[in-house]
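Lettering of chains follows the sequences in order, A, B, ..., and the numbering in each one begins at 1. All heavy atoms count here, side chains included; hydrogens, waters and symmetry mates do not. Just so you know, these numbers come straight off a predicted model, no measurement behind them.
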Amino acid sequence: MSIYNPKEIEQKWQKRWKEDGLYEAKDFAKDKKKFYHLVMFPYPSGDLHIGHWYNFVGADVAARKKMRDGFNVMSPIGFDAFGLPAENAAIKRGIHPKTWTYSNMETMRGQLRTTGTMFDWSREVVTCDPEYYKWTQWMFLKMYERGLAYRKKAPANWCPKDQTVLANEQVVDGKCERCGTEVVQKEINQWLFKITEYADRLLSDLEKLDWPEQTKTMQKNWIGRSEGAIIKFKVKSEKLKVKEEFIEVFTTRADTLFGATYLVLAPEHAMISHLKSRILNLSDVKEYIENAKRKTELERLSEDKDKTGVELKGVKVVNPANGEEIPVWISDYVLGSYGTGAIMAVPAHDERDYDFAKRYGLQIKEVIIPASHYADPRGTETQIHAELLSEAFIEDGILTDSEKFNGVTSEKAREEIVKWLEVKGLAKKKVQYKLRDWLISRQRYWGVPIPIIHCEHCGIVPVKESDLPVELPEVENYLPKEGQSPLARSEEFVNAKCPQCGQNAKRETDTMDTFVCSSWYFFRYADPKNEKEFANKKNLDYWMKPAGVDLYVGGAEHTVLHLLYSRFFTKVLYDAGLSPVDEPFGKMRHQGIILGPDGQKMSKSKGNVVDPDELVRDFGADAVRMYLLFMGPYELGGPWNPRGLVGIRRFLDRVWKISTNYKLQTTNSNLEILRNKTIKKVTEDIEDLKFHTAIASMMEYLNEMEKQESINKIDIETIIHLLSPFAPHFAEEIWQEIWKNKQSVFKEPWPVFDPKKIQEENISIAVQFNGKTRGMLNAARGVSQSEIEDLISRDEKLKKYLIGGPKKVIFIKDKLVNFVI
RNA sequence: GCCCAGGUGGUGAAAUUGGUAAACACGCAAGCUUCAGGAGCUUGUGGAAGCAAUUCCUUGGAGGUUCAAAUCCUCUCCUGGGCACCA
């Protein structure tokens, strides 16, 4: 009898699988259906952590099951290799970002092997390889060609001392991470992708996706479609001859227009400098704007209670509904990036406006009454008075104090008021999205250079496709230079010839957001070595049809950005006739987050990081795989409990023991029903990614098996088959080495269950009195109510409850009987 | 402040989706085995009372619907995650 030695057999099988190319997916396999199975490719941060294991191992179980179901499974892997940490390492420790990245990848490749995952390494994709980023640049050119890439001034975090642009991550408490200087917002010229052009489709196509509902909801909220209206407020002018000026606001509550008692502009609103000469308290206003510039957007929004603002004294606007002159304020609770950057404030019917009005003593005028309080059909009498309002009434109701619209419902008034003003040219309907265009410019070194040349004569000129890739130059200093990317330090890189006129010109020095690289990588896996195209159409048709990736598994932290950007890219490529599908990931699931043993997020500084390598050494990769999945629901994650792992190892030891040392029983197994039940349970649970209950049911099966006097071969074989996706090395060793089978267990068909054989003939029925269970009765399946009642009347323990006779009897076949006394 | 998850034994959790609450595992206790063990095996293990049969209580809290609620509804309190005060 041999002893289960995971270290030895795991290394052996990892090597054999690699040599045999067992997991290399074939393009266009004729005898099998394809299954494109994808995990989010990792960032090469240095070490593979337990969270990667959790993600990859869960997904791997599902993939292996598909393989055993006879699919041509492609389960590729690669690295999302551009990004800030490489640059930080370079700056701090003087290592070239490339050296740092490639050495991390090498480490992680080795660690990935030890997970026993069936990744097809022959398709590996690395986003910082010029062979890959050539096509990222090509994607940029496609965007540019289609009018979806454009340049404009956009704010960036700016450290005045270091003269550099900072990522949000590098801003700590509003200060520069490196030098502690207060960070300000600075407008610089940057590149954006027009994702807003796809807002409607990104929203409506969510419907056809098999994704978790919460994720869809989050994307919906992120896109944030709202129907409303643009309303124009005329700026009151002393001088009659001045051309008419208007401030436009966006509102979804045109019904409250008569209650608009002031206007608020975002501090960055263009109108402010335009009105400069008329503002009496200009120095106060300027000071406020300067202060606002110091705050990041997040900070502006996280200040809950103390909304601040300044009135633009000397400026008034006219409420187009009732002709009243109302004041204009600026406040940073209004964002320049949403809508028109200006709002009409209706303090009686909006919480934020209410708070602001209370703070600054502004007029609160109630114009909507709850329908239940509305008494006078003509609305001349207000039932609640604004002064008495203790909070804003934000729901729909009936209009009051709104002249000819009194008595009209909010819903109707929204339409009618806009129509009424539209005739005068003062309003129009508008669909507004929260979604903003995607800012892809980064003033950094370690990213894909944007393939653009700035020519004095021709303007912005794209690099010719035949000149791709524009390779990253060698530089010595990776710090951004005066607001420009470190690429600006390389004369050789910057100076180029204009592709149009051939004269001296300068290259764009910004690099692209790394999300651009990861927005199309799943296409590349279909044809990773193609030098002529990002992927061949035939390959794309084969792997991506009919609904994109068949299963995508990754963290919930990507519910918005990565997933939305990938969907956007796919739609653009689809429109250009370059993708066979307009959605990349037909089915997607998230795994949960593994927390440290203390219930906190794992981090090196907290010292609660779990090292998978150590666990593998002590218990074997198969046990680590199984334990991770046994801990709880896959989508939940949770704190790591270092003690539980021995339970799984014990289980594997026991399976090993009976598999290598069993006495064959020739008669039929007593466990036929349980065997069929277990196959059903494990099969269905893997499909649903409910790994923990699948493992529990295998444990129950083994427990029963061990209670038998002798064990039947079919039961042991079944458990090895069921175990194979979870503990692949273990199952392969028993299947091929111990039992001397000729081919891999992963080429064997998956066990099937007989639906007729999953029902026990004898069942137990719960006997309840007034809903309380007082006992159980054993009976044959399908037993009738009268038979049960008869049994109870003869049962010593139960019959006493029946004294007085039941008023009512509820009988659920094969489950319970409940007597209401 | 808003949005999304989630609260079940000492711990991770399960519950056929409204029908026996606590499967499976960890831990703990006792016993066996071992030179010894942080190894293995057996048994027990939600709480309270009782020698026991048994009884009562129990799914964050308070109400409600129902013959029957961990599951559905209302309110409320915590915990985790996300966020862009979106007009």
Nucleotide of [options] approaching [X] most closely (side-chain heavy atoms):
X      : options             : value
A/Y338 : B/U20, B/A68, B/C86 : B/C86
A/M218 : B/A87, B/A23, B/G82 : B/G82
A/L335 : B/A13, B/A87, B/G27 : B/A87
A/T693 : B/A87, B/A84, B/A15 : B/A15

Decide, yes or no, whether a salt bridge links [X] with [Y] under the criterion of side-chain N to carboxylate O below 4.0 Å.
X      : Y      : value
A/E684 : A/K690 : no
A/E704 : A/K707 : yes
A/R414 : A/D255 : yes

Without decimals, in angstroms, what is the distance between [X] [atom1] and [N] [atom2]?
X      : N     : atom1 : atom2 : answer
A/D653 : B/C41 : CG    : C1'   : 14 Å
A/Y433 : B/C86 : OH    : C1'   : 15 Å
A/Y354 : B/A87 : OH    : P     : 21 Å
A/F619 : B/G38 : CZ    : P     : 15 Å
A/Q214 : B/G80 : CD    : P     : 19 Å
A/M626 : B/C26 : CE    : P     : 13 Å
A/I648 : B/G12 : CD1   : P     : 17 Å
A/I343 : B/A87 : CD1   : P     : 11 Å

>> So, OP1 or OP2 of B/A14: does either fall under 4.0 Å of a side-chain N or O from A/H692?
In response: yes
>> Please tell me if A/R650 has a side-chain N or O lying less than 4.0 Å from either OP1 or OP2 of B/A25.
In response: no
Considering every strand and a 4.0 Å limit on heavy-atom distances, what is the contact class for [X]: base, sugar-phosphate, or nothing?
X      : answer
A/Q768 : base
A/N221 : sugar-phosphate
A/N703 : sugar-phosphate
A/P633 : sugar-phosphate
A/S226 : sugar-phosphate
A/A696 : base

>> I'd like to know if the side chain of A/D437 reaches the main chain of A/T196, judged simply by a donor and an acceptor atom lying under 3.5 Å from each other, with no hydrogens or angles considered.
In response: yes
How far, in whole Å, is [M] from [N] if one measures between their [atom1] atoms?
N     : M     : atom1 : value
B/A23 : B/U45 : P     : 10 Å
B/A52 : B/G46 : P     : 14 Å
B/U8  : B/C3  : P     : 24 Å
B/G19 : B/A70 : P     : 10 Å
B/C24 : B/A15 : P     : 14 Å
B/A87 : B/G82 : P     : 23 Å
B/A69 : B/G63 : P     : 14 Å
B/G1  : B/G9  : C1'   : 37 Å

> Where does B/U66 land, syn or anti, once you apply the within-90°-of-0 test for syn?
Replying inline: anti
> Syn versus anti for B/G9, judged by chi lying within 90° of 0?
Replying inline: syn
>> For A/F726 and A/F691, take the angle between the two ring planes, folded into 0 to 90°, and tell me which bin it lands in: parallel under 30, tilted 30 to 60, perpendicular over 60.
In response: perpendicular
>> Ring-plane angle category for A/F356 and A/Y333, please: parallel below 30°, perpendicular beyond 60°, tilted otherwise.
In response: tilted
>> Assuming nearest nucleotide by heavy-atom distance, tell me which of A/N641 and A/W222 is located more 5' along RNA chain B.
In response: A/N641
> On RNA chain B, nearest-nucleotide positions of A/D350 versus A/G632: which is more 5'?
Replying inline: A/G632
Pair assignment for [N], Watson-Crick or G-U wobble, requiring both distances under 3.5 Å:
N     : value
B/A5  : B/U79
B/C67 : B/G19
B/A52 : none
B/C32 : B/G40
B/G27 : B/U45

>> What's the separation between atom CG in A/L702 and atom NZ in A/K657, rounded to the nearest 0.5 Å?
In response: 11.0 Å
> Could you state the interatomic distance from CD (A/E268) to CG (A/D332), rounded to the nearest 0.5 Å?
Replying inline: 8.5 Å
